Amino acid sequence: MNPTSEEIFVKQLQENQNIIHKICRLYTTDEDAHNDLFQEITIQLWKAFPKFRGDSKFTTWAYRVGLNTAITLYRKKKKSINTIEFDSTFHKVKQEDYNYEEEEQLKLLYSAISELNDIEKALIFLYLEDKDYAEISETLGISEVNARVKMNRVKGKLKKILNP
């Protein structure tokens with residue numbers, strides 16, 4: 001028996017939902033906004049799934065849809081609603097594995113990333129996910145050369161933010 005489109009989608013989504021959570025963490029500042037964005041990205045993935053032809057990996061496609069959804073909503077909210085920073089950690093770690101120094105470094109990094117524009121955030125996110133420039137360019141719909149140039153600029157910008 002062949003799996004249905006819905007079963008295939010649900011399986012892929014379950015296996016790759018960490019992608020969506022990472023995008024949500026990048027573009028939101030509190031748990032409610034995170035959950036709302038997660039839901040919206042999931043809806044957009046489901047709506048777009050019939051058009052997914054498999055030309056690229058599911059993860060590449062999910063990054064593209066997820067980032068585009070987040071960027072679109074981020075731009076709309078930026079125009080109308082000011083959010084208040086909610087200092088919370090969205091990742092779960094065991095007590096014995098908790099590293100306060102690493103947590104502080106992550107907070108500094110995310111704080112610096114929050115100062116970037118929406119495209120720069122997407123670019124650094126994919127870079128931090130160990131995506132190569134070919135996949136970054138495919139996901140963002142830009143040339144590989146453009147991805148490299150933009151990445152160098154973003155790295156410089158982050159260095160200035162982190163080391164004023």
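Below, each value reflects all heavy atoms present in this structure, side chains not excepted, and no hydrogens, waters or symmetry copies. Keep in mind that this is a model prediction, so the values were computed, not measured.
- Residues in residues 10-29 take part in these ring-ring contact (aromatic ring centres under 6.0 Å, His included) pairs, two or more places apart or across chains: H21-H34, H21-F38, Y27-Y74.
- By the 6.0 Å contact criterion, NZ on K157 is enclosed, its count of non-hydrogen atoms from other residues, nucleotides or ligands being greater than 12.
- Contact of the L73 side chain with the D36 side chain is not registered, since no non-hydrogen atoms from C-beta on lie closer than 4.5 Å.
- Between the CG atom of D132 and the CD atom of E138 there is a distance of 9.5 Å, given to the nearest 0.5 Å.
- No chain of hydrophobic side-chain contacts below 4.5 Å, direct or via other Ile, Leu, Val, Met, Phe, Trp or Tyr residues, connects I124 to V149.
- By the side-chain contact (heavy atoms from CB on, under 4.5 Å) test, E129 pairs with K22, Y63, F125, K131, sequence neighbours left out.
- Minimum heavy-atom separation, A147 to I136: CB-CG2, 4.1 Å.
- Counting heavy-atom neighbours within 6.0 Å of K155 NZ, excluding the residue itself, gives a total above 12.
- Under the rule for a salt bridge (charged side-chain N to carboxylate O under 4.0 Å, His left out), K160 has no partner lying at least two apart in sequence or in another chain.
- Between T59 and E135 there is a side-chain heavy-atom pair separated by less than 4.5 Å.
- Contact detail for I161 and A112: the closest heavy-atom pair is CG2-CB, 3.6 Å.
- For the ring pair (Phe, Tyr, Trp, His ring centres under 6.0 Å) test, residues two or more places apart in sequence or in another chain that qualify with F58 are F52, W61.
- The heavy-atom pair separating I23 from L37 by the smallest distance is O-CD2, 4.5 Å.
- Side-chain contact between L13 and I20 is present, with heavy atoms from C-beta onward closer than 4.5 Å.
- In this structure the side chain of L123 never reaches within 4.5 angstrom of the side chain of L116, judged on heavy atoms.
- Atom CG of L158 is separated from atom CG of N163 by 10.5 Å, given to the nearest 0.5 angstrom.
- Residues passing the side-chain contact (heavy atoms from CB on, under 4.5 Å) test with K11 are E15, sequence neighbours excluded.
- Rounded to the nearest 0.5 angstrom, S143 OG and K150 NZ are separated by 9.5 Å.
- Between N146 and L140, every side-chain heavy-atom pair lies at or beyond the 4.5 Å cut-off.
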For a quick test of your reading: what N or O donor-acceptor pairs under 3.5 Å do the side chains of residues 43-51 make, sequence neighbours left out?
from: Q44; atom 1: NE2; to: E40; atom 2: OE2; distance (Å): 2.8

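- Note that CD1 of I41 and CD of Q17 are 12.0 Å apart. Values are rounded to the nearest 0.5 Å.
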ask   = Given Y110 and L26, is the side-chain contact (heavy atoms from CB on, under 4.5 Å) satisfied, shown in steps?
value = CA-CA 7 Å; Y110 274 95; L26 192 63; 4.2 Å; yes
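- Remark: L162 CG to E115 CD distance equals 8.5 Å, nearest 0.5 Å.
- To the nearest 0.5 Å, atom CG of residue L109 and atom OG of residue S114 are 10.0 Å apart.
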